[in-house]
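The structure appears below as structure tokens.
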Number of protein chains: 2
Amino acid sequence: MNIIEINKVLSNETRLNILKWLKDPEAHFPPHNDINHFNDGVCVQYIGDKAGLSQSTISQYLTMMQKAGLIIPTRHGKWTYYKRNEKLIKQYIQFLDKSL
Amino acid sequence: MNIIEINKVLSNETRLNILKWLKDPEAHFPPHNDINHFNDGVCVQYIGDKAGLSQSTISQYLTMMQKAGLIIPTRHGKWTYYKRNEKLIKQYIQFLDKSL
DNA sequence: TTGACAATTCGATTATTGTCGATATAATAA
DNA sequence: TTATTATATCGACAATAATCGAATTGTCAA
């Protein structure tokens with residue numbers, strides 16, 4: 001867990017929002033009819049639509065969030081679904097609580 | 001409390017270190033003989049020496065840390081002492097714990 | 001009131017980030 | 001196999017951050 005890297009990711013409003021939206025996908029995104037209802041998170045398009053930034057920017061944001069360990073991708077056919085990595089997020093906060 | 005601003009401040013290794021060093025000044029800095037023993041924190045010079053960056057860079061870092069609310073300055077004569085704002089730091093972690 | 005010293009601010013330069021459109025890759029459907 | 005759609009990656013450019021040395025300001029002591 002790289003604290004600096006995580007803090008960098010979380011020092012951007014859009015990325016912070018994405019992490020929050022993914023806490024409750026039903027509340028923030030249209031339903032995924034085909035795949036088993038948000039079990040693996042939300043696809044890139046929906047996140048992009050919600051954020052209002054270009055597809056490539058969102059893809060890059062998601063990639064860097066994933067590299068920092070905050071989210072987990074799952075591929076279903078041509079879609080990539082992203083969900084929160086709750087374990088890492090908890091560790092991160094605990095680490096801050098101890099070390100900061 | 002501006003989370004983005006705080007995260008930005010804490011996404012730099014030196015600034016993160018400064019905050020940690022100030023947790024235990026005795027362990028990280030030479031004693032301040034004149035002023036009442038670290039009660040108001042540590043002066044800019046000592047922090048700069050420890051960090052190994054230029055005086056102006058450190059001053060700017062401390063200013064931005066202070067603007068984010070993480071540290072509190074106290075002027076004694078020609079020295080400015082900086083100490084941690086424990087209250088804000090605690091609030092910050094609690095906020096992350098709830099909102100993240 | 002002048003010197004000396006601590007800290008801050010200013011101006012400049014290089015490095016990193018934000019963001020886009022265009023292109024490439026992967027996967028399905030026709 | 002080819003067209004279509006979803007993501008990812010690339011290349012570019014503008015905006016912001018890192019960092020320095022120089023100039024300025026604030027405070028005390030001579």
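Just so it is clear, the structure is predicted and the values come from calculations on it, not from any experiment. Chain letters run A, B, ... following the sequence lines, proteins first, then strands; residues in each count from 1.
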Problem - Value in whole Å for how far the P atom of C/dT19 lies from CE of A/M64 - result: 11 Å
Practice task
Check for a donor-acceptor pair, side chain of B/R15 on one end and backbone N or O of B/N17 on the other, with a separation under 3.5 Å.
Solution key: no
Problem - Distance in angstrom units between B/H76 NE2 and D/dA29 P, rounded - result: 15 Å
Handout entry: Nearest heavy-atom neighbours spanning A/Y81 and A/D40
Key = CB-O, 3.2 Å
Exercise for the section: Give the ring-plane orientation class for A/F29 versus A/Y46, where under 30° counts as parallel, over 60° as perpendicular and anything between as tilted. Expected result: parallel
Practice task
Could you encode protein contacts along nucleotides 1-13 of chain D as a string, one character per nucleotide from 5' to 3', using B for base contact, S for sugar-phosphate-only contact and - for no contact, with a heavy-atom cut-off of under 4.0 Å?
Solution key: ----BSBBBB---
Practice task
For A/S11 and for A/G77, find the nucleotide of DNA chain C with the closest heavy atom, then tell me which residue's nucleotide is more 5'.
Solution key: A/S11
Problem - Distance in angstrom units between B/I58 CD1 and C/dT9 C1', rounded - result: 16 Å
Handout entry: Whole-Å distance separating the CD1 atom of B/I4 from the P atom of D/dA17
Key = 12 Å
Exercise for the section: Could you grab the distance from atom CG of B/L16 to atom CE of B/M65, nearest 0.5 Å is fine? Expected result: 8.5 Å
Practice task
For A/E13 and C/dG18, give me the distance from atom CD to atom P, rounded to whole Å.
Solution key: 12 Å
Problem - Nearest heavy atoms of B/I71 and B/P73, plus distance in Å - result: O-CD, 4.1 Å
Fill in the blank from the handout: Separation of D/dT16 atom C1' from B/N7 atom CG, nearest Å, is 17 Å
Practice task
Find out whether B/Y92 and A/L100 are in side-chain contact, i.e. whether some heavy atom of one side chain is under 4.5 Å from a heavy atom of the other.
Solution key: yes
Fill in the blank from the handout: Whole-Å distance, B/L53 CG to D/dA17 P, equals 17 Å
Handout entry: Atom-to-atom span, CG of A/N12 to C1' of D/dT16 - whole angstrom
Key = 12 Å
